[in-house]
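Excluded from the calculations below are hydrogen atoms, water molecules and symmetry mates; all remaining heavy atoms, backbone and side chain alike, are included. Computed from a predicted model, the values in this text were never measured in an experiment. To find a chain, count down the sequence lines: A is the first, B the second, and so on, and within it residues start at 1.
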There are 2 protein chains.
Amino acid sequence: MLHLDDEDTLDRTFAALAHPARRAILARLARGEIASVTALAEPFDISLVAVSRHVKVLENAGLVSRKKEGRSRRCRYEPAGVARAKDWLETHQQYWSAQLEALSRYLKDGE
Amino acid sequence: MLHLDDEDTLDRTFAALAHPARRAILARLARGEIASVTALAEPFDISLVAVSRHVKVLENAGLVSRKKEGRSRRCRYEPAGVARAKDWLETHQQYWSAQLEALSRYLKDGE
DNA sequence: TGAATACTAAACATAATGGTTAAGTATCGA
DNA sequence: TCGATACTTAACCATTATGTTTAGTATTCA
């Protein structure tokens, strides 16, 4: 189950998650809502242009997809992106857990 | 916001994870190794100064801790940071799953 | 057709990131 | 005490990120 995940993709994924507005947008879409850019922008004090670019960052990270529908865009959650980030974290968390006992022993001896 | 988790902390955590060198350092420490900055820098082509700052970014995000030990620093993995990031991802993944299930029921029942 | 809507793109200012080298601090070892 | 070691800090530079405003494109509606 060792998938050679593209480092750049992981970079873009974590970087996309590192901004509160983008996390808020993603959280909203993750609830199942399929929203336009204008609708997504509504809670924010920043310009629509800025929100549009936040959505683009999420899209480039594979966390969100955008489909043109008339003159608006239907933005939707893409579960694969979040799964990718979670997988990376879990891999290393699990590895750590497996080694926890050995580490614990080491710390006792070393300190 | 709704949850207690500091948005800034989450920003720093995800931002810290968004660089391949920092992920590599974190992955190494997550295996249980407690390494000096010099040891951590060894596999990289960048300067020790650059690595030292990467470790600092990880430290500021709560992913790693550094303890002075003689003239070197013992860097160690801090599980809380990774857990924080994973929790955020899981929360929103679960939201989506819950909604999906509800939608599925709705479609089956026709109401 | 012409105005309004829902964006996206371009151009710009400013701040943050990530690298460098040079200099400073603390500790160890002879 | 003096030099080497293991860093950190400072100063600098290039690039990227995030916001702005203005302009452009596509679509809908009167």
**Prompt:** Expressed in angstrom and rounded to an integer, what is the separation of B:Leu40 atom CG from D:dA6 atom P?
**Reply:** 13 Å

**Request:** Can you establish whether the number of heavy atoms outside A:Arg76 located under 6.0 Å from its atom CZ is more than 12?
**Result:** no

**Prompt:** Among D:dT5, D:dT21, D:dC7, which nucleotide sits nearest the side chain of A:Val49?
**Reply:** D:dT21

**Item:** Whole-Å distance separating the CG atom of A:Asp45 from the C1' atom of D:dT20
**Value:** 14 Å

**Message:** Parallel, tilted or perpendicular, judged at 30° and 60°: which one describes the rings of B:Trp88 and B:Phe14?
**Reply:** perpendicular

**Request:** With the side chain counted from C-beta on, respond yes when A:Leu17 and B:Leu89 share a heavy-atom pair under 4.5 Å apart, and no when they do not.
**Result:** yes

**Asked** Mapping B:Val37 and A:Ile46 onto DNA chain D by nearest heavy atom, which one lands closer to the 5' end?
**Response** B:Val37

**Request:** Report the distance from atom CZ of A:Arg12 to atom P of D:dT16, rounded to the nearest whole Å.
**Result:** 13 Å

**Message:** Between B:Arg22 and B:Ala16 (side chain of the first, backbone of the second, donor and acceptor by atom type, cut-off under 3.5 Å), is there such a pair?
**Reply:** yes

**Request:** Count the heavy atoms belonging to other residues, nucleotides or ligands that lie under 6.0 Å from NZ of A:Lys86, then report whether that count exceeds 12.
**Result:** yes

**Message:** With a cut-off of less than 4.0 Å, is there a side-chain N or O of A:Ser47 near OP1 or OP2 of D:dG19?
**Reply:** no

**Prompt:** For B:Thr9, does its backbone N or O pair with a side-chain atom of B:Thr13 as donor and acceptor, under 3.5 Å?
**Reply:** yes

**Partners passing side chain to side chain contact (heavy atoms under 4.5 Å, CB included) against A:Arg53 (at least two apart in sequence or in another chain)** = none

**Item:** Range on DNA chain C touched by chain A, heavy atoms, distance below 4.0 Å
**Value:** C:dA4 to C:dA11

**Prompt:** Within the structure, does a side-chain N or O atom of B:Ser36 lie under 4.0 Å from either OP1 or OP2 of D:dC7?
**Reply:** yes

**Prompt:** Has the side chain of A:Arg71 got a donor or acceptor atom that lies under 3.5 Å from a matching backbone atom of A:Glu69?
**Reply:** no

**Prompt:** So do B:Arg23 and A:Glu7 actually touch side chain to side chain, heavy atoms under 4.5 Å?
**Reply:** yes

**Prompt:** B:Leu48 CG to D:dC7 C1': how many Å, rounded?
**Reply:** 7 Å

**Prompt:** Considering only heavy atoms, which members of residues 51-70 of chain A lie under 4.0 Å from some atom of DNA chain D?
**Reply:** A:Arg53, A:His54, A:Lys68, A:Gly70

